[in-house]
Structure formats: structure tokens, C-alpha cells
Trainee: 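This is the structure, below, for whatever I ask next.
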Amino acid sequence: MSLKPGARIEIHEERFSSAEAEAATLVSQVTQRDWLRRGLIQPGRNGGRTAFKGLDLAFLVILRELTHHQMFVAAAAEIAALAAPLVMTFAEWASTTPEDAPFLGLHGSKVRRFLVVPHDGDAARCDAPAEWFARQDAEGKSASALILDCRALGQELAQRLPRPLIRVERSVAE
């Protein structure tokens, strides 16, 4: 994609209120405040109010999923730190126009879709759960795990957002 001489591109990361975060992530504001008090989430501030960025929202989505599956919240927060960048990337892809994608560095990128959280080991990113299960079989390890589809979670987040995670502004110098 070529730009005209004097053209300027600005990329803005959107911020979302607690109410918008609740609507997008399905994590209630009461739960958000609880997790904030515990130090599990650290959204920014904007004019004295809580302001969530894309990574914060992705973190909330993962924390919600894992705690829903009975994982302790502290352990879930560790896993969410690994998965949130993946979910955010997929949410950006889903909420960005094809015209803007090259400016965000998303064009042609390869990101692993799944995060496998085994019951007796370290979490792993993979393209397909079968690849992880084959590795477990080869090593003679248990294959009991929770599998997070980061692409599906990112797309779900993008669909619930009131606006895209990233805004691209174009201007031409006078």
C-alpha cells in the first residue's frame, strides 16, 4: 500500500469504560472491582475513571473463561497473562478493516490459535490441539487439559465491542 507524499497515519488504541468492558467481556463491574482490589487486573485511568485497553479486555475474557471452568483465580491470572496477547491480536484482526490492517502490522502474521492448559504441566501455544496431544503421547505424559480457542475468544470480544480496538486516522499535510 503506498501513501501520497505528505500523508500521515496515526494509530490510536481505544479505551473502554468499565460498563463497556462488562458488555464486551461479560465480566460484571462488581467482579472487575474485586479483581482490581486483588491486583489481578491493572487497567489504566482516564479522567479519574477506569479505562480498559484491548489487552486488558482480552485478559478479562480469559480470566472469565478459566474461572468459569473452576480454575483458581490466581492460577487463572497467570495463564491469562500468556493468552491475552493472542486473544487481543485476534480481536484486532476481527475489528480492523482490511484497508487498515497493513498499518497495524497484522497483514500476513502467523499467530498460534490455541492455548492448551494441562492439568499437570505448563501451558503451551499450538496451531491445533492434535499437535499438543501428539507431543504428550510421544513423551508418555497425561493429555488431560483445558483448551482455549484464542481466535474464537478474540472474535467474540470484537463482536461485542462498541467500536474497534484500534483506530487509524489518515491526514494529508496542507
Side-chain angles (χ1 to χ4, degrees), residues 1 11 13-14 16 21-28 31-32 34-44 52-161 164-166 168:
M1 172 172 286
I11 299 170
E13 188 175 10
E14 292 290 338
F16 301 87
E22 178 179 18
T25 65
L26 306 179
V27 175
S28 73
T31 300
Q32 290 174 30
D34 177 52
W35 290 347
L36 185 61
R37 275 191 296 273
R38 292 190 201 189
L40 298 170
I41 59 173
Q42 288 129 13
F52 292 91
K53 290 184 176 181
L55 190 61
D56 301 318
L57 297 175
F59 191 89
L60 286 174
V61 166
I62 295 295
L63 216 53
R64 178 202 75 207
E65 280 297 303
L66 295 174
T67 56
H68 175 77
H69 286 91
Q70 309 306 312
M71 185 178 283
F72 290 116
V73 72
E78 289 181 30
I79 300 300
L82 292 173
L86 301 175
V87 172
M88 181 187 73
T89 298
F90 285 116
E92 286 178 352
W93 282 344
S95 69
T96 302
T97 64
E99 175 183 74
D100 291 342
F103 296 115
L104 304 179
L106 302 176
H107 186 67
S109 296
K110 174 80 169 130
V111 178
R112 300 208 182 267
R113 176 179 176 172
F114 296 96
L115 184 73
V116 180
V117 184
H119 295 291
D120 62 352
D122 295 327
R125 297 174 178 154
C126 62
D127 293 321
E131 126 191 358
W132 181 83
F133 286 114
R135 194 169 50 236
Q136 292 300 99
D137 287 345
E139 295 174 8
K141 294 183 178 178
S142 169
S144 176
L146 177 64
I147 299 172
L148 297 171
D149 184 342
C150 296
R151 183 173 75 186
L153 292 171
Q155 290 171 338
E156 169 193 313
L157 175 59
Q159 288 173 354
R160 289 192 176 117
L161 288 170
L165 288 171
I166 303 292
V168 177

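Fair warning: this is a prediction, and the values are worked out from it, not measured in the lab.
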Trainee: Using the side chain to side chain contact (heavy atoms under 4.5 Å, CB included) rule, take D127 and R112 through it: C-alpha gap first, then chi angles, then the decisive distance, then the call.
Mentor: CA-CA 5 Å; D127 293 321; R112 300 208 182 267; 2.9 Å; yes
Trainee: Closest approach of A91 and L157, non-hydrogen atoms and distance?
Mentor: CB-CD2, 4.0 Å
Trainee: In Å, rounded to the nearest 0.5 Å, how long is the span from CG of L26 to CZ of R160?
Mentor: 4.0 Å
Trainee: Quick one: does T96's side chain get under 4.5 Å of P164's, heavy atoms only?
Mentor: no
Trainee: Measure across S95 and L165 and return the closest heavy-atom pair with its distance rounded to 0.1 Å.
Mentor: OG-N, 3.4 Å
Trainee: For D100 and T97, test the side chains for any donor-to-acceptor distance below 3.5 angstrom and give the result as yes or no.
Mentor: yes
Trainee: Can you tell me how far CD of E78 sits from CG of L66, rounded to the nearest 0.5 angstrom?
Mentor: 11.5 Å
Trainee: Does the side chain to side chain contact (heavy atoms under 4.5 Å, CB included) test come out yes or no for D56 and I41, once each step is laid out?
Mentor: CA-CA 7 Å; D56 301 318; I41 59 173; over 6 Å; no
Trainee: Any sub-3.5 Å donor-acceptor pair from T31's side-chain atoms to V27's backbone N or O?
Mentor: no
Trainee: Whether D149 and R113 form a salt bridge (side-chain N of Lys/Arg under 4.0 Å from carboxylate O of Asp/Glu) is what I want to check.
Mentor: yes
Trainee: Could you go step by step and tell me if I62 and L86 meet the side chain to side chain contact (heavy atoms under 4.5 Å, CB included) rule?
Mentor: CA-CA 10 Å; I62 295 295; L86 301 175; over 6 Å; no
Trainee: To check you understand the geometry: which heavy-atom pair defines the closest contact between G54 and E13, and what is its length?
Mentor: N-OE2, 3.8 Å
Trainee: Looking only at non-hydrogen atoms, find the nearest pair between A21 and L57 and report the distance.
Mentor: CB-CD2, 3.5 Å
Trainee: Can W35 and L63 be said to form a side chain to side chain contact (heavy atoms under 4.5 Å, CB included), step by step?
Mentor: CA-CA 10 Å; W35 290 347; L63 216 53; 3.3 Å; yes
Trainee: Taking ring-ring contact (aromatic ring centres under 6.0 Å, His included) as the definition, give me every residue that meets it alongside F90, ordered by chain and number, with sequence neighbours left out.
Mentor: W93
Trainee: Show me the donor-acceptor pairs, under 3.5 Å and distance only, between side chains in residues 129-139 and residues at least two apart or in other chains.
Mentor:
residue : atom : partner : partner atom : Å
Q136    : NE2  : S142    : O            : 2.9
E139    : OE1  : K141    : NZ           : 3.2

Trainee: What's the shortest heavy-atom distance between E65 and L153, and which atoms?
Mentor: CG-CD2, 3.8 Å
